[in-house]
Structure formats: structure tokens, C-alpha cells
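Heavy-atom basis, side chains included; hydrogens, waters and symmetry copies ignored. Just so it is clear, the structure is predicted and the values come from calculations on it, not from any experiment.
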Amino acid sequence: MNGLLKRTLTGMIVVAAVIGAVLAGRVYVLALVAVIGVSCLLELRPLCGSVWKYLLAGLYVLAGLTCLMLLYRHAGTWVTSGFFVLIWSSDIFAYVTGSLWGRHKLWPKVSPSKTWEGATGGFLFAMGFGYLWKVLFLPQIHPLGWLVFSVLTIVAGILGDLLESKIKRRAGVKDSGTFLPGHGGMLDRFDSVLLAAPVAFCVCLALNLI
């Protein structure tokens, strides 16, 4: 199967599963988070080398997923769905714009394929989709508050992606696993979420968005 087609189909299934769980209710979100957590922990073990690095990485995964659950429990369905819209639209359009116009490497020693053009394109598209989501489903939230939430969530997602790339680079591997065809492992797909979820939850608390 063509690589782009495989990546697209897998991405659509993941998006449907996540958004479906968020809309379906707390039990489904908890089950989804459990699957993500166990998969990420299994994928991290061979990447970390030493036990203490694995423990730190494990705490990082658990903290990120705990904050995701807290965001869902306190902010509700539409803020949590909007969080994923921001993260994944940034990722998708960073890939598209980077592939088309990327010239300047973002951090070549860690992730040679990522570019400033891609990151900028992903950021702008994510802001646009995030604003549309706010207008359609979150009219009660102040535009400035959502703007801050969006910017910090997107930036944290990019940093989370780079952090996982650094771990893989040190381990000498391209992907964390093979669970998701066209994407690699579960950690490859949810690396942005692990750092962005705590940031998003803290922003919601600080700005009283929830």
C-alpha cells in the first residue's frame, strides 16, 4: 500500500477512535487512555536504556495521560475534542507544508525531516481550525482565553514531538514501534499529547476556562 495512503487511513482510524471515545463518555475515554498508556510504556522500555531513564519516561507518560483525563473530566467533551483538533491539525499540516515548502531545518540533530516552514504552516492551520471549533462548539469561552489556550497547546505539542524524536535519535531508531501502520508506534502518534495535555489543563485552570 502506498505510504501516504497507509498513513492517511491509519490517521483517520485513530482520529475516529479518539473523538468517538470522547463523545461516548468517561468509561470509553478511560479505556482509550489505558490502551495508549500501556502501549507507550511498552514502546519506551527499549528506547530508554537504563532503568532510571525508563522510570522518568514512565512518569512523564503517566503525568501526561492523567492530565488528559483531568482535562476531559473538568473541561468536558468539546474542550477536549478541541484540544485534539489543535494537536492533530498542527501535526497534519506541518507534514503537508513541510513536504511542499520546507527548506530550513527546525532541529536537524534531533529530527532532520522537520522544518520551520512546516512548523509555521502547521501552527497557522491549527489556529484556524481551532478558532472554527471555538465558534461552532465553544461560544461561551472568551476569544482571548481560547487564543492563549490554542497557542500554548500547539507549541507544547510541537515540543512534545521533538522530545520524543530526541529519545528515538539517542536510541538509534526511526519509530517507537509498529502498532500504527504508516505512523510507527503509539508513542509516535501521541507524543505531542503527552506534553500538551498538562499545559492545556493548567491553562484552563489559570484562565478559568473550565
Side-chain angles (χ1 to χ4, degrees), residues 10-44 57-92 122 126-161 163-164 176 179-180 183 185-210:
T10 303
M12 290 172 64
I13 293 171
V14 171
V15 170
V18 171
I19 298 300
V22 171
L23 295 177
R26 186 176 301 177
V27 173
Y28 296 93
V29 174
L30 184 60
L32 178 69
V33 167
V35 171
I36 296 170
V38 171
S39 300
C40 288
L41 291 174
L42 290 174
E43 292 170 1
L44 273 170
L59 288 174
Y60 171 71
V61 170
L62 294 176
L65 294 178
T66 298
C67 285
L68 178 61
M69 283 300 302
L70 290 172
L71 180 69
Y72 173 73
R73 286 172 177 168
H74 292 276
T77 298
W78 297 112
V79 171
T80 306
S81 300
F83 166 81
F84 282 107
V85 167
L86 291 168
I87 291 295
W88 284 341
S89 58
S90 173
D91 181 64
I92 291 169
M127 290 296 293
F129 280 106
Y131 177 73
L132 181 61
W133 190 268
K134 180 254 181 296
V135 170
L136 292 176
F137 302 111
L138 297 165
Q140 74 278 14
I141 294 182
H142 194 280
L144 183 58
W146 185 255
L147 175 66
V148 174
F149 176 85
S150 299
V151 169
L152 294 181
T153 295
I154 295 168
V155 171
I158 294 172
L159 294 177
D161 190 3
L163 176 59
E164 195 239 352
S176 65
F179 187 80
L180 300 172
H183 292 262
M186 193 72 82
L187 187 61
D188 293 313
R189 182 66 278 167
F190 289 93
D191 50 4
S192 299
V193 171
L194 295 176
L195 184 58
V199 171
F201 179 64
C202 289
V203 170
C204 281
L205 289 180
L207 298 182
N208 198 29
L209 298 182
I210 57 180

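- Residues Phe83 and Val193 form a side-chain contact, since some pair of their non-hydrogen atoms from C-beta on lies under 4.5 Å apart.
- Using modelled atom types, no side-chain atom of Lys134 and backbone atom of Pro143 make a donor-acceptor pair closer than 3.5 Å.
- The shortest non-hydrogen separation linking Ser192 to Asp161 is OG-CB, 3.7 Å.
- Atom-to-atom distance recorded for Cys204:SG and Leu152:CG is 10.5 Å, nearest 0.5 angstrom.
- Across every non-hydrogen atom of Leu207 and Gly145, the tightest pair is CD1-O, 3.9 Å.
- Residues Trp146 and Val135 form no side-chain contact, since every pair of their non-hydrogen atoms from C-beta on lies 4.5 Å or further apart.
- Considering only heavy atoms from C-beta on, Leu147 stays 4.5 Å or farther from Tyr131 through its side chain.
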Checklist entry - Between Tyr28 and Val22, is a side-chain contact (heavy atoms from CB on, under 4.5 Å) present by the stated rule, with each step listed? => result CA-CA 7 Å; Tyr28 296 93; Val22 171; over 6 Å; no
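- By the 30° and 60° cut-offs, the orientation of the rings of Trp78 relative to Phe137 is parallel.
- Taking CG of Leu138 as the start and OG of Ser81 as the end, the distance is 9.0 Å to the nearest 0.5 Å.
- Heavy-atom contacts from other residues, nucleotides or ligands closer than 6.0 Å to OH of Tyr60 number more than 12.
- Side-chain polar atoms of Ser176 and Asp188 form a donor-acceptor pair below 3.5 angstrom.
- Note: Leu86 CG to Trp133 CH2 = 10.0 Å, rounded to the nearest 0.5 Å.
- One distance of note links CZ of Phe201 with CG of Leu71; it measures 7.5 Å at 0.5 Å rounding.
- For the pair Glu43 (side chain) and Leu187 (backbone), a donor-acceptor distance under 3.5 Å is present.
- Listed here is the closest heavy atom pair of Ala126 and Ile154: CB-CD1, 3.5 Å.
- Remark: Met186 CE to Leu44 CG distance equals 12.5 Å, nearest 0.5 Å.
- Atom CG of Asp191 is separated from atom CG of Asp91 by 7.5 Å, given to the nearest 0.5 angstrom.
- Exactly one residue among Leu65, Leu41, Val61 makes a side chain to side chain contact (heavy atoms under 4.5 Å, CB included) with Ile36. That residue is Leu65.
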